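In what follows, chains are A, B, ... by sequence order, proteins preceding strands, each numbered from 1. Side-chain atoms are counted along with the backbone in the values below, which use heavy atoms only and exclude waters and symmetry mates. On a predicted model such as this, the values are computed, not experimentally measured, just so you know.
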Amino acid sequence: MQIKLKLHNTLTGKKEIFEPLNPTHVGMYVCGPTVYGEAHLGHARSAIVFDVIFRYLQFLDYKVRYVRNITDVGHLEQDADEGEDKIAKKARLQQLEPMEVAQHYTDAYHRDMELLNVKKPGIEPRATGHILEQIELIEKIINNGFAYEVNGSVYFDVEKYNEHKPYGLLSGRKIEDLQSGTRELAGQSEKRSALDFALWKKAAPEHIMRWRSPWSVGFPGWHLECSAMSAKYLGEQFDIHGGGMDLMFPHHECEIAQCEAGNNASPARYWLHNNMITINGQKMGKSLGNFITLQELFSGNHQLLEQAYSPMTVRFFILQAHYRSTLDFGNEALQAAQKGYKKLINALRILKEFNYEEQSENIDEKNTQQINQICDNCFHAINDDFNTARLVAQLFNLVKKINSIHVHQIALHSIENATFNRMKELFTRFTEDVLGLKEEESFDGKALINALLEFYKEAKAEKDYETVDAVRAKLKQQGIVVKDMKTGIDWAYEE
RNA sequence: GGUAGCGUGGCCGAGUGGCUAGGCAGAGCUCUGCAAAAGCUCCUACAGCGGUUCGAAUCCGCUCGCUACCUCCA
């Protein structure tokens, strides 16, 4: 069965059949986090959405080069002309080296991503490690006449660029509309137009993140890193560029302009944007201060949280919605996700234990046909712009079949052998390999040992030595020895 | 103000012209020492008003409500 993968391309506003530049390889670049704070639910969504896309492309046997950057030169805060680097600001507050702050939050991000079972990208480049590449790109843009230098800073000339190629294609904006929407800062700006953006900024004396360049000692502009790093690792043209919808304008728009102006090529063929997480219908974000960090979610330590939610619950919650829809946070929804996740994972466990031996002579045509249909539907769902919500729905249809087989309402061997194998393979691979859901052990091993020791104690009191020996043997199999001491019963790891 | 989008059953959330998504919650039944799990059944909605159509949640128009982007943000 061959259905083509379709994806929604922000650049065209349409669903298109995915055709990579090279039929066997895919290059994908996703905007990663700016590491000046703890990762929150929004970061998780973006990471998980593109993780699933990465996983599914691999499932389809593409060789994928996945690049997700770490932004450790912060973007400018507030107005460009008086901006202070976010990382530098945080560093001053905490009396730390900027790189120390960046490292701390990078580590925190990695820790959270690992908990969420997000695969590591193939390359995770840092902006500070690619200052030279950024300088080179600026030089190309200047040489092509699309940037100008003022007092050691370099700005991108949006109007000039717009004469060459339309600016605003990605976000559906027209330069006239943008111009009417901005107000000129009288005399304060070095920029020729309010729409222009910085490629290089001369550092003020107190600015602690600084590098030498042909123009000044300073730091690169807000959008440059992604252009420089994607070109370096994926080439001037590659297949997929992803990120949050909030990055569409101006970040991705500027990226396109920079690449066109410097390399004369539109960087990505397909632009994918995930929608926002909302909280009471309002966007969750750093700027609004209404975000919930992943650590708070995992620990339940937040005013809005009624309980802790495990990483897999969070992952499942995100996958139950399509990535281009907003997803509203709520305790009720998270609790529903928790139950749903466990239902799915219980079925997976059962399925793995089925032992199909020999096909019976009486084939259950109806169920065999239905299972095949559901398997087909799984592909239709995921191939339709990575619709994980529909895929999950189909997997739950299989859960019903799996559970019915488990309680012998459907006879295992009445399902056609090939169909059973197909179900087993697809259910497992879609759940684990594509959706990235895994079994999460929610129990406490030590509590279980203590529970067993209760029985041990009771049996001993009743002089039921058969049970006593059995319990001791079972625990020993797990490398636990029971210690009968005068002071009470205890256990230890077997030495 | 400009641009884009959204409004689906108690909750979350798919669906873009006919073919009851799915999860959670609720009700009943089966199973069962009790309970749970599981299965089956039920609850069958598309903001409002008009229009197009044999047929609309789905297309068009209007009205109401909400949101996002235009400034850093996943």
Side-chain angles (χ1 to χ4, degrees), chain A residues 10 13 30-34 36-37 39-50 68 71 74-80 83-86 89 109 168 171-174 176-183 194-195 197 222 242-251 253 273-278 280-289 291 316-344 346-347 350 374 377 381 384 387-397 399-410:
Chain A
T10 311
V30 174
C31 291
T34 303
Y36 70 103
H40 57 69
L41 198 48
H43 292 105
R45 186 172 200 193
S46 177
I48 288 169
V49 160
F50 288 103
R68 189 188 62 206
T71 297
H75 292 304
L76 295 175
E77 196 128 344
Q78 294 174 349
D79 185 59
E84 185 179 15
D85 190 295
K86 273 182 179 164
K89 185 178 181 185
Y109 182 75
S171 51
R173 274 159 233 264
K174 292 198 173 66
E176 306 86 62
D177 295 336
L178 289 167
Q179 278 160 338
S180 65
T182 53
R183 49 187 196 279
L195 294 181
F197 54 91
W222 328 357
M245 257 179 198
D246 48 349
L247 297 178
M248 209 159 80
F249 189 92
H251 184 62
E253 205 67 76
H273 291 97
N274 65 278
N275 215 319
M276 304 290 102
I277 300 265
T278 59
N280 296 324
Q282 208 190 20
K283 180 180 149 184
M284 173 184 291
K286 269 178 195 154
S287 55
L288 294 163
F291 63 90
F316 183 84
F317 170 68
I318 286 168
L319 293 176
Q320 253 193 326
H322 185 231
Y323 75 92
R324 299 204 311 116
S325 303
T326 55
L327 173 58
D328 200 47
F329 162 84
N331 279 288
E332 227 181 323
L334 260 313
Q335 280 156 14
Q338 184 179 62
K339 293 196 178 180
Y341 156 69
K342 288 190 173 165
K343 188 173 190 169
L344 192 71
N346 275 331
I350 290 166
I374 298 167
N377 290 345
D384 186 6
N387 198 323
T388 55
R390 267 169 61 201
L391 173 58
V392 168
Q394 294 306 325
L395 292 178
F396 274 109
N397 286 332
V399 166
K400 274 204 174 127
K401 298 296 180 196
I402 292 164
N403 284 329
S404 293
I405 292 170
H406 184 54
V407 295
H408 297 174
Q409 288 189 3
I410 299 173

Nearest-Å distance, CG (A/Leu391) to C1' (B/rG23)?
14 Å

Protein-proximity profile, nucleotides 5-17 of chain B, B/S/- by nucleotide at the 4.0 Å heavy-atom cutoff, equals ------SSSSS--

Is the A/Phe316 ring parallel, tilted or perpendicular to the A/Phe396 ring (thresholds 30°, 60°)?
perpendicular

Smallest heavy-atom separation, A/Arg45 atom then A/Ala321 atom, equals NH2-CB, 4.2 Å

Phosphate oxygens OP1/OP2 of B/rA25: is one of them under 4.0 Å from a side-chain N or O of A/Lys339?
yes

B/rG18 versus B/rA57 - spacing of their C1' atoms, nearest Å:
13 Å

Taking only the C1' atom of each, what is the distance from B/rC60 to B/rU53 in whole angstrom?
12 Å

Please give the distance between the C1' atoms of B/rU44 and B/rG26 as a whole number of Å.
15 Å

Per atom distances to the A/Pro250 side chain, the nearest of B/rG22, B/rG39, B/rU71 is B/rU71

Could you state the interatomic distance from OG (A/Ser171) to NE2 (A/His251), rounded to the nearest 0.5 Å?
13.0 Å

Rounded to whole Å, please give me the gap between CG in A/Leu247 and C1' in B/rC70.
15 Å

Nearest-Å distance for atom pair CZ/C1', residues A/Phe197 and B/rC70
15 Å

For A/Tyr109 against A/Ala47, the heavy-atom pair lying closest together:
OH-CB, 4.0 Å

Please lay out, stage by stage, how A/Asp246 and A/Lys283 fare under the test side chain to side chain contact (heavy atoms under 4.5 Å, CB included).
CA-CA 10 Å; A/Asp246 48 349; A/Lys283 180 180 149 184; 4.1 Å; yes

Calculate the interatomic distance between A/His406 atom NE2 and B/rC31 atom P; express it in whole Å.
18 Å

When all nucleic acid strands are considered with a 4.0 Å heavy-atom cut-off, which category describes A/Gln282: base, sugar-phosphate, or nothing?
sugar-phosphate

Could you tell me the Watson-Crick or G-U partner of B/rC54, where both distances fall under 3.5 Å? Say none if there is no partner.
B/rG18

Would you classify A/Ile277 as touching base, sugar-phosphate or nothing, given that sugar-phosphate means primed atoms plus P, OP1 and OP2, and contacts are heavy atoms under 4.0 Å?
base

Residue closer to the 5' end of RNA chain B, A/Lys343 versus A/Gly243 (nearest nucleotide)
A/Lys343

Base-pairing assignment for B/rA47 (Watson-Crick or G-U wobble, both under 3.5 Å)
B/rU63

Under the side chain to side chain contact (heavy atoms under 4.5 Å, CB included) rule, what do A/Leu344 and A/Val399 come out as? Steps first, then yes or no, please.
CA-CA 7 Å; A/Leu344 192 71; A/Val399 166; 3.8 Å; yes

Judged by nearest nucleotide, the residue sitting upstream toward the 5' end of RNA chain B, A/Gly172 or A/Asn274, is A/Gly172

Can you tell me how far P in B/rG28 sits from the matching atom in B/rA37, rounded to whole Å?
15 Å

Gap in Å between the two P atoms, one belonging to B/rG15 and one to B/rU8, rounded:
14 Å

Taking atom C1' of B/rG22 as reference, at what distance in whole Å does atom CD of A/Gln338 sit?
18 Å

Whether A/Arg68 engages the ring of A/Phe50 as a cation-pi pair (distance to the six-membered ring centre under 6.0 angstrom, angle to the ring normal within 45°) should be assessed.
no

Quick check: closest heavy atoms across A/Ile374 and A/Gln394, and the distance to 0.1 Å?
CG2-O, 3.3 Å

Any base atoms under 4.0 Å from A/His40, or only sugar-phosphate, or nothing? Heavy atoms, all strands.
base

If I pick the P atom on B/rU16 and the same atom on B/rA21, what distance separates them, to the nearest angstrom?
12 Å

Calculate, to the nearest 0.5 Å, the distance between atoms CG and CE belonging to A/Leu327 and A/Met276 respectively.
11.5 Å

B/rG9 versus B/rA47 - spacing of their P atoms, nearest Å:
8 Å

Base, sugar-phosphate, or nothing: which does A/Lys400 touch, judged by heavy atoms less than 4.0 Å apart?
sugar-phosphate

Answer for the Watson-Crick or wobble partner of B/rG10, both distances under 3.5 Å, is B/rC24

For A/Asp246 and B/rA4, what is the distance between atoms CG and C1' respectively, to the nearest whole Å?
14 Å

Searching all strands shown, indicate the nucleotide that pairs with B/rC69 (Watson-Crick or G-U wobble; both distances under 3.5 Å).
B/rG2

Contact class for A/Met248 vs. all strands (heavy atom < 4.0 Å): base, sugar-phosphate, or nothing?
nothing

What distance, rounded to whole Å, do you find between the two P atoms, one in B/rG39 and one in B/rG5?
40 Å

Output the rounded distance in Å from CG (A/Asn377) to P (B/rG22).
11 Å

What is the distance, rounded to the nearest whole Å, between atom OH of A/Tyr36 and atom C1' of B/rC73?
6 Å

Give A/Asn397 one of three labels, base, sugar-phosphate or nothing, depending on what nucleic acid heavy atoms sit under 4.0 Å from its own.
sugar-phosphate

